[in-house]
Protein chains: 4
Amino acid sequence: MDAIADESQTSRGGVYFHFPNREAIFIALLNRTTQRLTRKIGEALSSHDDPVARADAALYTVMRTFSRHRGIARLLMMEGHGLGRDFSLQMDRVRAGFSAIIQREIEEAVRTGIIEPVDSEVTATAWFGALNEVITRWALSKDSPRSLEESYATLRTLLMRSVGVDSRRDGLR
Amino acid sequence: MDAIADESQTSRGGVYFHFPNREAIFIALLNRTTQRLTRKIGEALSSHDDPVARADAALYTVMRTFSRHRGIARLLMMEGHGLGRDFSLQMDRVRAGFSAIIQREIEEAVRTGIIEPVDSEVTATAWFGALNEVITRWALSKDSPRSLEESYATLRTLLMRSVGVDSRRDGLR
Amino acid sequence: MDAIADESQTSRGGVYFHFPNREAIFIALLNRTTQRLTRKIGEALSSHDDPVARADAALYTVMRTFSRHRGIARLLMMEGHGLGRDFSLQMDRVRAGFSAIIQREIEEAVRTGIIEPVDSEVTATAWFGALNEVITRWALSKDSPRSLEESYATLRTLLMRSVGVDSRRDGLR
Amino acid sequence: MDAIADESQTSRGGVYFHFPNREAIFIALLNRTTQRLTRKIGEALSSHDDPVARADAALYTVMRTFSRHRGIARLLMMEGHGLGRDFSLQMDRVRAGFSAIIQREIEEAVRTGIIEPVDSEVTATAWFGALNEVITRWALSKDSPRSLEESYATLRTLLMRSVGVDSRRDGLR
DNA sequence: CATGAATGAGCCTTCATTCAT
DNA sequence: TATGAATGAAGGCTCATTCAT
């Protein structure tokens, strides 16, 4: 709380005027970050009709966005634990939310015949995990040797192929 | 520490007879779990020559092992944070270690021409993340609706296809 | 810490707002006491030119000051041990400091021919020890039967004669 | 207790077979040391009839004895605090005991006219303090630069003169 | 709205002591 | 007699939270 107060150019008591407790600060930060990212993903998705292009755009958006906010990524990944039940629940909801977006897209792709039927829940979880791990390792590495965006192409190819989509189709980069 | 002492049928001081401090308990638990799992993976790998079969066996081993130790999985995933620098470093080493195993297998598969050249580091990270997320969500779910082993087939297909291996080859299950 | 907090009309945490740790409290108390006493001794010394009168005044000052602060004397003498390296070092420095003051005065007296040459270090240590023991026994006695100031005359005579100064010269009392 | 057990070539429990508790060990050590020193002092005293020679012999005995047992001196002076009420009481008794010996000798010297009447209690306390401080500083110094016995001559002169005895009479050294 | 001194529950750890073997 | 694993009271300290100003 001291560090937060200092960083906010205010006092410990001042922080408590705006937030009821420490956990609420992180929940607010998590929600704001989530909303912004969700909105950006939504915009990326709505810019394309082709399912593969949609997934591609969303993936690229996520990676580019995080690459510009490494601090927040680290904060939520490192300080998020031990904050209490509410934060954990919210974090679960967030992860489930992103997985749900992925799952919806996959199911739509199945419906339109772009990809063969799959267990969309497990697939979405795996995709989310793959993306999340790549970002996490980048965020937590002491000196981010490789740019996050450099991993985009590889990750794109992996995810597409994993559901049987030919990776040679052009990606965003 | 009270909870650990109670669960161990001993007293707070009794725990400190066996471990120098709280962090050491978790590090020991992490190391033992890691060693056992690494050994099992090694055995699975050495039971096969075919790269795909090797990966398949390793994946199945990991999922089956975790499915039998949900408690430990939860413990390390939930209590592991905020334990101090040493535990975090060790946890990083563990993740890196598992990723390295995957990476090694991938590079071997590339070398033998089973799969096309890929960025093995990103691929290994993504695979690890996918597997880790599936296990984590299973471990943290309130009432494990689906058995972890049910997800094996789907995950196997996803990972294989992601590097261009035909999924119709028979898996372990 | 509980006792200190209670006595200070505050809480355990409240004490830690003002001091970084327990040891620091005693070091601060020791330093403040030392500074005050040193200042008083300095004033007593500078009020006289005659070496004997100077020593006399300093001795009287010390005994009168302690006679008014028996609690602090007891506290520092009884609670001071087992507080850690820093406190012990500081306490040593304090003792050495007072001995140094005595030694300086003795050497000056030798230089001006008031007393014959002596081993000033051992003499200063012995003087300090004599004074310290008289004060300590008074401070630690259950019911201080005799006033500390009653011992002044005897101690004065002993110390003066010990370096060959005629004790029949009038003291402060 | 661990250190004591190790040093005694036994175990923690083994120590408790011989002593009821930690404090008792130090009390026993204190008493044995006290008895031995008291006996040696008694022997030194009974070897002479002349009061000055008696005091001289006792002083020399004390300093020589301690110079050979620096470890015990340090132990009792450093570990003695915080051992509980019983040890403190016993330590007080020991100090009082030695002071009483000194006081008795002084009173005898007064009675026989060797020295003029003095406040024997304060004088004995001061003598004890002087001797104690010289020994303590020697014992606690990191690297005992000067032998304790080197201080004997100076201390002897100081104490003798403090009660009006001509110091030019030959000492034991 | 802001401040920061104060609060106190709770944490990890120590260590003299006990006791079954 | 000896062992050493176990005990648990007590200690110092942290930090999210409160509240008078």
Side-chain angles (χ1 to χ4, degrees), chain A residues 1-27 79 81-87, chain B residues 1-27 79 81-87, chain C residues 1-27 79 81-87, chain D residues 1-27 79 81-87:
Chain A
M1 294 304 293
D2 240 7
I4 291 172
D6 283 357
E7 198 78 13
S8 313
Q9 306 268 34
T10 183
S11 62
R12 229 164 305 145
V15 175
Y16 277 92
F17 180 81
H18 298 285
F19 295 93
N21 55 46
R22 181 176 141 94
E23 194 176 3
I25 297 170
F26 285 87
I27 291 179
E79 301 280 338
H81 296 272
L83 277 177
R85 173 162 247 67
D86 286 348
F87 182 83
Chain B
M1 293 306 294
D2 256 349
I4 291 173
D6 284 355
E7 198 75 13
S8 311
Q9 306 266 38
T10 182
S11 61
R12 229 164 307 138
V15 176
Y16 277 94
F17 183 83
H18 298 285
F19 295 93
N21 54 47
R22 180 176 144 90
E23 192 177 4
I25 298 171
F26 285 88
I27 290 179
E79 300 281 337
H81 295 271
L83 275 178
R85 176 159 248 73
D86 284 349
F87 183 82
Chain C
M1 294 305 296
D2 258 347
I4 291 172
D6 285 355
E7 197 77 14
S8 311
Q9 307 267 38
T10 183
S11 62
R12 228 164 307 139
V15 176
Y16 278 93
F17 182 82
H18 297 286
F19 295 92
N21 54 47
R22 181 176 143 93
E23 192 177 4
I25 297 171
F26 285 87
I27 290 179
E79 299 282 337
H81 296 272
L83 276 177
R85 178 160 246 73
D86 284 349
F87 183 83
Chain D
M1 294 303 294
D2 240 6
I4 290 172
D6 284 356
E7 198 76 14
S8 312
Q9 307 268 35
T10 183
S11 64
R12 230 163 304 143
V15 175
Y16 277 92
F17 180 81
H18 299 285
F19 295 92
N21 55 44
R22 179 175 143 93
E23 193 176 2
I25 297 171
F26 285 87
I27 291 178
E79 300 281 336
H81 296 272
L83 277 177
R85 173 162 247 69
D86 285 349
F87 183 83

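A, B, ... follow the sequence lines: proteins, then strands. Residue 1 opens every chain.
In this structure, CZ on A:Phe87 lies 12.0 Å from CD1 on A:Ile25, to the nearest 0.5 angstrom.
Atom CD1 of C:Ile25 and atom C1' of F:dG12 are 11 Å apart (whole Å). Between the CG atom of A:Leu83 and the P atom of F:dC15 there is a distance of 14 Å, given to the nearest Å. At whole-Å resolution of the value, NE2 in A:His18 and C1' in E:dT3 are 13 Å apart. To the nearest angstrom, P of E:dC1 lies 13 Å from CZ of A:Phe19.
Each of F:dT3, F:dT1, E:dT7 was ranked by its minimum atom distance to the side chain of D:Ser11; first place goes to F:dT3.
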Seminar exercise, completed: For nucleotides 16-21 of chain E, 5' to 3', base contacts (B), sugar-phosphate-only contacts (S) and non-contacts (-) with protein non-hydrogen atoms under 4.0 Å give SBB---
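Screening residues 12-21 of chain D for side chain to side chain donor-acceptor pair (under 3.5 Å) gives D:Asp2-D:Arg12 as the qualifying pairs, with residues at least two apart or on separate chains.
Take the nearest nucleotide of DNA chain E for C:Gln9 and for B:Gly14: the residue whose nucleotide is more 5' is C:Gln9.
DNA chain E forms stems at E:2-21 with F:2-21, each a run of 3 or more consecutive Watson-Crick or G-U wobble pairs whose two key distances fall under 3.5 Å.
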For this session: Kindly determine whether C:Ile4 and C:Phe19 satisfy side chain to side chain contact (heavy atoms under 4.5 Å, CB included), including the steps that lead there.
Result: CA-CA 12 Å; C:Ile4 291 172; C:Phe19 295 92; over 6 Å; no
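Residue B:Thr10 places at least one side-chain N or O under 4.0 Å from the OP1 or OP2 atom of F:dT7.
For D:Ser11, there are no side-chain contact (heavy atoms from CB on, under 4.5 Å) partners, not counting sequence neighbours. In terms of the side-chain contact (heavy atoms from CB on, under 4.5 Å) criterion, residue partners of C:Asp86 (sequence neighbours excluded) are, by chain and number, C:Glu23, C:Ile27.
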